[in-house]
Amino acid sequence: MKKICLATGGTGGHIYPALALAREWEKDEEPAELFFIGNDDRMEARLIPEAGFPFFGLHSSGLEGSVWHKVKAVGQMGSAYAAAKKVLKREKPDLVIGFGGYVSAPVLMAAQHMGIPTMIHEQNSVVGKANKMVMKNAKGIVTCYEKCSEVFDPNKTRLLGNPRATVAAHAQKDLDYFLSLGLDPQRKTILIVMGSLGSSSVNELMKSALQGLDESLQILYVTGAQTAVEDGLFEGLSNVHVHPFVDTMRLYGFLDGMICRAGATTLAEATALGIPMIIIPSPYVANNHQYYNARMLTDKNAALMIEEKDLNAQQLKKAIEQGFLNDKKRLELAENAKKAGRPQAAQDIIAFARQVMEG
C-alpha cells in the first residue's frame with residue numbers, strides 16, 4: 001500500500017479539497033495510507049483529526065505584512081522546513097501533495113530535497129505564492145482553471161479540477177432537512193450564501209432586491225455566524241428564509257440557482273451539479289483571484305457576474321429575473337455550468353498521482 005502525505009492549511013479553500021481527496025482515496029479500489037501536515041494553530045489542526053486522519057502540526061506564517069513580520073515568517077519557514085523533514089523521514093511517504101496555504105511550501109521543499117516525489121494542487125485561477133515557490137521541482141501539477149497554464153509548465157500540468165466537485169456529485173438530497181428549513185419543494189429555490197458580504201449595508205441591499213420578487217421563487221438566505229442578519233430585516237417577505245448555517249450537501253439537489261462568492265470550492269461544487277449562479281466575487285482576496293475564477297465561467301456563459309463595485313438592488317434584481325425567472329436562460333446557464341464541472345476530479349487526480357509515483 002502506498003503512503004501519501006497531504007500538506008495543506010490556513011483556510012477551508014485549501015483544507016476541504018485535500019480532505020475530499022483523502023476520503024475518496026480511502027474508498028478507491030487501491031486505497032492508500034494517508035496523513036496530513038499543516039499549521040499547528042489554524043483550522044486544519046482541528047478539522048483533520050476530527051475527520052479521522054493522522055495530523056502533524058508545524059508552525060509557520062505567510063510572507064505578508066510589515067518588514068518585521070516577513071523576517072519573522074522567513075525564520076518560521078526555516079523551522080517548519082526542519083520539522084517537516086523530521087516527519088517525512090519518520091513516515092516515509094511515497095508522494096507528497098501540496099494543496100496550498102503557506103504551510104505547504106516548507107513541507108514540499110523538504111520532500112523535494114529528500115528526493116520524495118511531489119505534486120501540487122491549485123484551486124484558483126491565479127496561482128498562489130506557496131505553489132509558485134515549489135512548482136519548479138514538482139513532478140505533477142493539478143489545476144482547476146485554464147488560466148493557470150500561463151504560469152505552470154504544461155508538460156507536467158493536468159486540468160483535472162477540485163476534489164470537492166466529486167463530493168458534491170455524490171451528495172444525496174434530504175427532503176426532511178429541506179422541509180425543516182421552511183421550504184416548499186413545489187417552488188424554485190435560490191440559495192444566497194455570501195460569506196463576508198453579510199454586512200448591514202448589503203443586507204439592506206438584498207432586502208431591496210428581493211422586495212416584490214416573483215412568488216414562484218423562494219430564497220434561502222444563509223448569513224454565516226459572523227454576519228447575522230438583524231432581527232426583522234426581512235419581515236414581511238414570506239418567500240425569504242434566513243438561517244445562519246445550512247448543510248449545502250443535503251440541499252444541492254433542490255436548488256434552482258445560487259447567488260454566491262467565487263470561492264474555488266463553491267464554484268467546483270455548483271458546476272459539478274450544473275447549478276446556475278449569479279456570482280459576486282469578493283474583491284478582498286489575494287490577486288483578485290475570485291474575479292478571475294468567475295470570469296472562467298462567465299466567458300463560457302455558465303454563470304452571471306456582478307462585481308461588488310457595481311452591486312446595487314436594481315442590478316441584482318435584474319440578474320435574478322434574467323438568470324432564474326427566464327427558464328430558457330436558466331437552463332442554458334445550468335447546461336454550460338455542468339459542462340464546465342469536473343465531477344470525476346478526485347478519481348482523475350488519484351490516477352495522475354499513481355503515474356507520478358511510477359515515474
Side-chain angles (χ1 to χ4, degrees), residues 12 177-178 180-185 187-248 250-252 254-263 265-267 269-270 273 275-285 288 290-291 293-295 297-298 302-327 329-330 333-334 337:
Y177 180 63
F178 181 82
S180 75
L181 299 173
L183 300 167
D184 179 356
R187 298 167 78 185
K188 286 181 183 173
T189 304
I190 308 301
L191 172 66
I192 300 178
V193 54
M194 297 302 299
S196 60
L197 242 186
S199 66
S200 296
S201 60
V202 173
N203 289 334
E204 286 287 354
L205 180 152
M206 286 289 184
K207 181 180 180 181
S208 299
L210 301 178
Q211 194 83 39
L213 205 59
D214 191 290
E215 285 297 315
S216 68
L217 295 184
Q218 59 186 348
I219 307 297
L220 175 57
Y221 194 121
V222 180
T223 62
Q226 312 261 326
T227 58
V229 176
E230 299 92 325
D231 288 342
L233 180 64
F234 291 102
E235 196 172 331
L237 299 183
S238 60
N239 58 341
V240 179
H241 304 263
V242 181
H243 294 274
F245 290 107
V246 296
D247 185 344
T248 51
R250 295 160 75 186
L251 293 174
Y252 273 142
F254 295 102
L255 298 183
D256 298 282
M258 289 175 62
I259 300 173
C260 58
R261 289 299 204 186
T265 296
T266 298
L267 300 191
E269 292 173 359
L273 295 164
I275 299 173
M277 287 173 282
I278 298 169
I279 304 172
I280 306 170
S282 171
Y284 313 112
V285 294
N288 201 23
Q290 285 206 5
Y291 168 78
N293 289 355
R295 273 290 303 275
L297 294 179
T298 58
L304 302 179
M305 174 171 63
I306 306 172
E307 290 189 67
E308 191 165 322
K309 63 182 176 64
D310 302 322
L311 183 63
N312 58 55
Q314 185 179 1
Q315 281 285 86
L316 185 56
K317 183 171 282 191
K318 182 181 175 183
I320 290 170
E321 290 172 354
Q322 180 189 3
F324 303 147
L325 287 172
N326 180 331
D327 278 342
K329 182 64 175 179
R330 182 175 60 84
L333 291 174

(request) For Glu215 and Ser238, work out which heavy atoms get closest and say how close. (result) OE1-OG, 4.4 Å
(request) Could you pull out the closest heavy-atom pair between Ile279 and Ala294, with the gap in Å? (result) CG2-CB, 3.8 Å
(request) Indicate the atoms forming the closest heavy-atom contact of Ser216 with Leu325, along with that distance. (result) OG-CD2, 3.7 Å
(request) Taking the side chain as every heavy atom from C-beta outward, state whether Leu220 and Val246 have any atom pair closer than 4.5 Å. (result) yes
(request) Report the distance from atom CD1 of Ile190 to atom CD1 of Ile275, rounding to the nearest 0.5 Å. (result) 10.0 Å
(message) With a 4.5 Å cut-off on side-chain heavy atoms, are Lys188 and Gln218 touching?
(response) no
(message) Please find the pair of heavy atoms, one from Gln211 and one from Lys317, that lie closest to each other, and give the distance.
(response) O-NZ, 2.8 Å
(request) Identify the residue among Leu210, Leu183, Leu191 that makes a side chain to side chain contact (heavy atoms under 4.5 Å, CB included) with Ile219. (result) Leu210
(message) What's the separation between atom CD1 in Ile320 and atom CD1 in Ile278, rounded to the nearest 0.5 Å?
(response) 5.0 Å
(message) Taking side chain to side chain contact (heavy atoms under 4.5 Å, CB included) as the criterion, tell me which of Ile259, Leu213, Asp214, Leu333 meets it with Phe324.
(response) Ile259
(message) So Thr265 and Leu267, do their side chains get closer than 4.5 Å, heavy atoms only?
(response) no
(message) Within the 4.5 Å heavy-atom criterion, are Tyr252 and Met258 side-chain neighbours or not?
(response) yes
(message) Once rounded to the nearest 0.5 Å, what's the spacing between atom CD of Glu269 and atom OG1 of Thr248?
(response) 5.5 Å
(message) Let me confirm one number: the CG-NZ distance from Leu304 to Lys329, rounded to the nearest 0.5 Å.
(response) 6.0 Å
(message) Contact between Lys207 and Phe234 at the side-chain level, heavy atoms closer than 4.5 Å - yes or no?
(response) yes
(message) So which atom in Leu251 and which in Phe178 form the shortest heavy-atom distance, rounded to 0.1 Å?
(response) CD2-CD1, 3.9 Å
(message) Taking the side chain as everything from C-beta on, heavy atoms only, tell me whether Asp256 gets closer than 4.5 Å to Arg330.
(response) yes
(message) How close do Asp310 and Gln315 get, counting heavy atoms only, and between which atoms?
(response) O-CG, 3.7 Å
(message) In the structure I gave you, are the side-chain heavy atoms of Met305 and Tyr291 within less than 4.5 Å of one another anywhere?
(response) yes
(request) Applying salt bridge (charged side-chain N to carboxylate O under 4.0 Å, His left out), run through Arg261 and Glu308 and close with a yes or a no. (result) CA-CA 10 Å; Arg261 289 299 204 186; Glu308 191 165 322; 3.0 Å; yes
(request) Taking the side chain as every heavy atom from C-beta outward, state whether Arg187 and Asn239 have any pair of such atoms under 4.5 Å apart. (result) yes
